[in-house]
Amino acid sequence: MEFIPVNEPLLDGNEKKYLNECIDTGWISSEGPFVKKLEQDMASYVGRNYAAAVCNGTVALDLAIEAMELSAGDEVIMPAFTIISCITGLIRRDIKPVLVDADPATWNMNVKQIEEKITSRTKAVMAVHIYGLPVDMDPVLKIAEKYGLMVIEDGAEAHGLNYRGKRCGSFGDISIMSFYPNKHVTTGEGGMVLTDSEKIYERSNSFRNLCHKPGYRFVHEELGFNYRMSNIQAAVGVAQLEKLEDHLERKRKMGEIYQELLKDNPRFQKPLKETPYAANVYWVFGLVLDKEDPMSAREAMEKLAKKGIGCRPFFYPMHLQPALRKIGMFEGERYPVAEWLYEKGFYIPSGLSLTEEQIMYIGEKVNEL
Ligand SMILES: *Cc1c(COP(=O)(O)O)cnc(C)c1O
């Protein structure tokens, strides 16, 4: 069997047609009509009033932080187990990230640890939905209300995921999405900021486009960024969003087949099929070895690579990141669940182009480990 990459996108809808429209009409910049359409379609899909498309999910997080007008010295509570994109925008503004550990069953932030981390400087909670299951949002929203905190929702991995019947991307003050090729909706590279607040939207809209003063182009009262998405990217995104239900169905099916193939394998902890508040959409299919297991995730991935199967490690926890330790952050802090997830966790191919035959082969090789 040929090498199976960890992810390959599926571009089987109107992508080509819409891309040709960009070329035929000459609309390739961010001024083109697909950008507005993608914003409107996604906002109405998740149930938000406003959306601002940007060039990737990392800058969407950066823009979200800018739009919330946090200042140096403020504190934001966030998970230790997440991608570096969640923390860079805080650190560059001297905003202090305060970490909570992961939940061992869902791998999402342990919401029971949030309240004890609140100080007089806490301004926001960043909730990041991980690998196909959502954060338990009700306690997060309740705590935020009690203490007057803002909520940022990182829905980069959560297109089409529901929490208690409500779409992810619609929680809290501001949500972000990524459209990287391994996400359920891709634009190659791309992202989005979503909100119900006109003020937050206006600020996001201005900062993503250099903060031109309204009516006075090239006059700037604040220093913005160029985080714009092109019409070419948005064209792909519009076609992808049309196929989202189909993509979600594929993901669920893939997840179910993996669950079935691995159900008698006691060595790996598999993703939960559901929690009291959500059904897994299996953004990726993660596997975690027991803490006492002699094999590391790294060894397991090397063995599977030899069988032609591409895997990815789980996130490396924020408190262990060399770039952050070097500047004296998180010294002496321990988040044992996040550390275990990194040491023992990895995910197997989960892309939308995966065939049933490939899934069967992968299941067999995982069971042979
Ligand atoms: C993918 C991802 C991002 C970053 O998105 P990019 O488009 O790759 O910059 C942010 N947060 C989470 C949780 C992600 O999975």
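Numbering of ligands and ligand atoms starts at 1, following listing order. Worth saying up front: this structure is predicted, and the values here are computed from it rather than measured. Note that the numbering runs from 1 along the sequence shown for the chain.
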Requested in this report: Heavy-atom distances under 4.0 Å are what count here, so tell me which part of I83 touches ligand 1: side chain, backbone, both or neither.
Outcome: side chain
**Report entry** Per atom 15 (O) of ligand 1, closest listed option by heavy atom (E189, E157, M177)
**Finding:** E157
Query - Aromatic plane relationship, H212 with F218 - under 30° parallel, 30 to 60° tilted, over 60° perpendicular - result: perpendicular
Find all atoms of ligand 1 within a distance of less than 4.0 Å from any non-hydrogen atom belonging to [X], and give their numbers and elements.
{"X": "K183", "value": "1 (C), 2 (C), 3 (C), 14 (C), 15 (O)"}
{"X": "T58", "value": "4 (C), 5 (O), 6 (P), 9 (O)"}
{"X": "G190", "value": "7 (O)"}
{"X": "V128", "value": "13 (C)"}
{"X": "N56", "value": "7 (O), 9 (O)"}

Charged tip of [X] within 45° of [Y] ring normal and under 6.0 Å:
{"X": "K213", "Y": "Y216", "answer": "yes"}
{"X": "K270", "Y": "Y258", "answer": "no"}
{"X": "R167", "Y": "Y45", "answer": "yes"}

Query raised in the report: Considering distance alone, does some N or O of S178 sit under 3.5 Å from an N or O of ligand 1?
Result: yes
Query - A156, any N or O under 3.5 Å of ligand 1 N or O - result: no
Query raised in the report: Taking everything shown except Q321 itself, do over 12 heavy atoms lie less than 6.0 Å from its CD?
Result: yes
Query raised in the report: Is atom CD of E357 surrounded by more than 12 heavy atoms (other residues, nucleotides or ligands) closer than 6.0 Å?
Result: no
Report summary line: Between the CD atom in Q358 and the CD atom in E2, the distance rounded to the nearest 0.5 Å is 9.0 Å
Query raised in the report: For atom 11 (N) of ligand 1, which protein heavy atom lies nearest, and how many Å away is it?
Result: D154 OD2, 2.7 Å
